[in-house]
Visitor: 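First, the structure itself, so that you have it in front of you.
Lettering follows sequence order; numbering is per chain, from 1.
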Amino acid sequence: MPELPEVETIARELRPDLVGRTILDVSFDWPNQIKHPRPADFAAALRGREVLSVDRRAKWVVAALGPAVDGGEPAVLAIQVKMTGQLDVVSPDAPRDKHIHVVMPLDDGRELRLRDTRKFGRLAVYGPAQADEVLGGLGPEPLSDEFTLADFRRILRRRKGRLKTLLMNQEFLAGVGNIYADEALWRARLHPLRSGAGLRPDQERLLYGSLRDVLNEAINRRGSSVDSYRAPSGAGEMQNFLNVYGRTGKPCPRCGHATRRIVIGARSTHFCSFCQRLPVRDRSEAAAKILSSIT
DNA sequence: CATTACCTGCAA
DNA sequence: TTGCAGGTAATG
């Protein structure tokens, strides 16, 4: 699932159900999903800790936890839902299916569940210093007040490489994935194969604004339920307002020309064949790429 | 840089 | 049966 708006929605909706609760225990049936500490030590790292806050960093749900019952330092529970993970707080009596892989009973009689068809989701419990280390390597949060146009220009000009690849690079910018990279580029009328370093100042400003606008709009609509993504409260609405993603062959809402799909960095990429034209000097480089991908 | 691995399900 | 899926990590 989940890019920034989807994970933000999950964190917001889990917050009232988790903050103030104590995690009594944890069970899991797919040890590969436990990233840290070792699966055998995972339950002990979590047991008896109170949830102090629930937030999002990049595409992680991050819960600050109080000290364990026997004292010691606080901890951080970090959950990455990746493609198909769904988090929910429910009664133990709620129906279960074979895709529920992690269950954490809480002190109010309910339980936090991770349902994850493809088992790509990951959970980790870190000490405070270790959490800073892991999450600190990620790029800036595009929606934070501290992330200014000047900051965006600075990081953009430092990088070579295609805009699409750059926007999805989590060390460049945190939280943007395949859907919102395509949508932001469409709004900014920029071809995904263009180099980030070659933009005019007005194009840089437009892309900065487009990114923040599309991410904010998607949060307001509680994310895009294109496939299996569900917030705790159910499907989002943003899938109904996407302009290019998943619309291959359909007319561009802005100009009516066909939406195209190409592959960049092994990810499908959607753009308008007319409003997102490449500047002439970039075309020969991109031509082979476009011709080699069907449609 | 590109490819493969991690997993399952679904639609063409 | 093949190809594809919102994400990363680990390989050539």
Side-chain angles (χ1 to χ4, degrees), chain A residues 1-11 28-36 39 56-61 78-87 97-102 114-124 134-135 137-139 159-186 192-193 195-196 211 214-215 218-219 221-231 235-249 261-270 285-286 288-289 292-295:
Chain A
M1 51 193 226
E3 307 182 29
L4 186 155
E6 288 75 26
V7 180
E8 179 66 30
T9 303
I10 293 168
F28 50 88
D29 65 0
W30 198 256
N32 277 356
Q33 298 200 274
I34 309 302
K35 199 181 163 84
H36 186 90
R56 176 194 60 76
R57 171 75 173 114
K59 299 171 193 172
W60 297 76
V61 175
I79 306 175
Q80 210 175 13
V81 293
K82 297 238 181 136
M83 301 281 271
T84 57
Q86 302 170 352
L87 290 167
D97 67 20
K98 63 176 180 175
H99 300 303
I100 310 271
H101 297 299
V102 182
L114 172 66
R115 180 175 186 277
D116 189 358
T117 311
R118 291 174 72 178
K119 302 179 193 162
F120 286 172
R122 295 291 181 265
L123 293 87
V134 172
L135 300 172
L138 297 162
R159 300 270 189 158
K160 271 294 179 190
R162 298 158 170 159
L163 279 173
K164 174 65 186 278
T165 312
L166 206 49
L167 294 181
M168 290 183 61
N169 180 344
Q170 299 301 295
E171 292 171 21
F172 173 75
L173 206 57
V176 178
N178 211 25
I179 295 180
Y180 301 110
D182 285 3
E183 292 294 318
L185 289 170
W186 178 84
L193 288 175
S195 135
L211 274 166
V214 75
L215 294 171
I219 290 171
R221 300 192 192 281
R222 297 175 35 262
S224 298
S225 290
V226 166
D227 188 9
S228 65
Y229 162 69
R230 296 290 178 279
E237 300 294 334
M238 188 65 185
Q239 67 280 6
N240 301 318
F241 298 88
L242 300 176
N243 292 296
V244 276
Y245 182 86
R247 293 176 40 83
T248 309
R261 177 184 178 280
I262 60 172
V263 175
I264 303 175
R267 311 309 304 280
S268 73
T269 299
H270 312 76
E285 189 218 327
K289 186 99 203 163
S292 69
S293 45
I294 309 100
T295 67

Visitor: Could you tell me whether the phosphate oxygens of C/dA5, OP1 or OP2, come under 4.0 Å of any side-chain nitrogen or oxygen in A/Ser268?
Guide: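 A/Ser268 to C/dA5 OP1/OP2: side-chain N or O found under 4.0 Å.
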Visitor: Is there a side-chain contact between A/Arg118 and the phosphate of B/dG9, meaning an N or O under 4.0 Å from OP1 or OP2?
Guide: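 For B/dG9, neither OP1 nor OP2 has a side-chain N or O of A/Arg118 closer than 4.0 Å.
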Visitor: Within this structure, what is the CZ-CD1 distance for the pair A/Arg56 and A/Ile219, rounded to the nearest 0.5 Å?
Guide: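 If we round to the nearest 0.5 Å, A/Arg56:CZ and A/Ile219:CD1 are 6.5 Å apart.
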Visitor: Look at the side-chain N and O atoms of A/Arg261 and state whether any lies under 4.0 Å from the OP1 or OP2 oxygen of C/dA5.
Guide: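 Yes, within the criterion.
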Visitor: Can you tell me if the side-chain N/O atoms of A/Lys35 get under 4.0 Å from OP1 or OP2 in C/dT8?
Guide: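 Answer no for this pair, as no side-chain N or O of A/Lys35 is under 4.0 Å from OP1 or OP2.
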Visitor: Is there a side-chain polar atom (N or O) of A/Lys119 under 4.0 Å from OP1 or OP2 of C/dT8?
Guide: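 False: A/Lys119 side-chain N/O out of range (4.0 Å or more) of C/dT8 OP1/OP2.
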Visitor: Taking the six-membered ring for Trp, does A/Phe120 stack with C/dT8 (centroid gap under 5.5 Å, planes within less than 30°)?
Guide: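 By the stated criterion, A/Phe120 and C/dT8 do not stack.
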Visitor: I'd like the P distance from B/dT3 over to C/dA5, given in whole Å.
Guide: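 So the two P atoms sit 15 Å from each other.
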Visitor: Would you tell me if any nitrogen or oxygen in the side chain of A/His101 comes within less than 4.0 Å of OP1 or OP2 on B/dC7?
Guide: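 For A/His101, the contact criterion (side-chain N or O under 4.0 Å from OP1 or OP2 of B/dC7) is not met.
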Visitor: Taking the side chain from A/Arg222 and the backbone from A/Ala235, do they hold a donor-acceptor pair closer than 3.5 Å?
Guide: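 At least one qualifying donor-acceptor pair exists.
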Visitor: Kindly point out which of B/dA2, B/dT3, C/dT8 is positioned nearest to the side chain of A/Ala266?
Guide: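 The listed nucleotide nearest to A/Ala266's side chain is B/dT3.
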Visitor: Hey, is the side chain of A/Lys82 poking within less than 4.0 Å of OP1 or OP2 on C/dT8, counting only N and O atoms?
Guide: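 Result: no.
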Visitor: Kindly say whether A/Val244 contributes a backbone atom to a donor-acceptor pair with the side chain of A/Glu183 at under 3.5 angstrom?
Guide: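 Between the backbone of A/Val244 and the side chain of A/Glu183 there is a qualifying donor-acceptor contact (under 3.5 Å).
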Visitor: What integer number of Å spans the P atoms of B/dG9 and C/dA9?
Guide: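 After rounding to an integer number of Å, I get 24 Å for this pair.
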Visitor: Could you check whether any side-chain heavy atom of A/Met83 comes within less than 4.5 Å of a side-chain heavy atom of A/Val81, counting everything from C-beta outward?
Guide: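 Not in contact.
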Visitor: If you only use heavy atoms from C-beta on, which nucleotide in C/dT8, B/dT8, B/dC7 is closest to the side chain of A/Asn32?
Guide: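 The answer is B/dC7, which lies nearest to the side chain.
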Visitor: Are A/Gln170 and C/dT8 close enough that a side-chain N or O sits under 4.0 Å from OP1 or OP2?
Guide: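 For A/Gln170, the contact criterion (side-chain N or O under 4.0 Å from OP1 or OP2 of C/dT8) is met.
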Visitor: Considering every strand and a 4.0 Å limit on heavy-atom distances, what is the contact class for A/Tyr245: base, sugar-phosphate, or nothing?
Guide: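 Sugar-phosphate contact only.
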Visitor: Paired with C/dT11 by Watson-Crick or G-U wobble geometry, both distances under 3.5 Å: which nucleotide is it?
Guide: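 Paired with B/dA2.
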Visitor: Specify the separation, in whole Å, of atom NZ of A/Lys160 and atom C1' of B/dC1.
Guide: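 From A/Lys160 NZ to B/dC1 C1': 16 Å.
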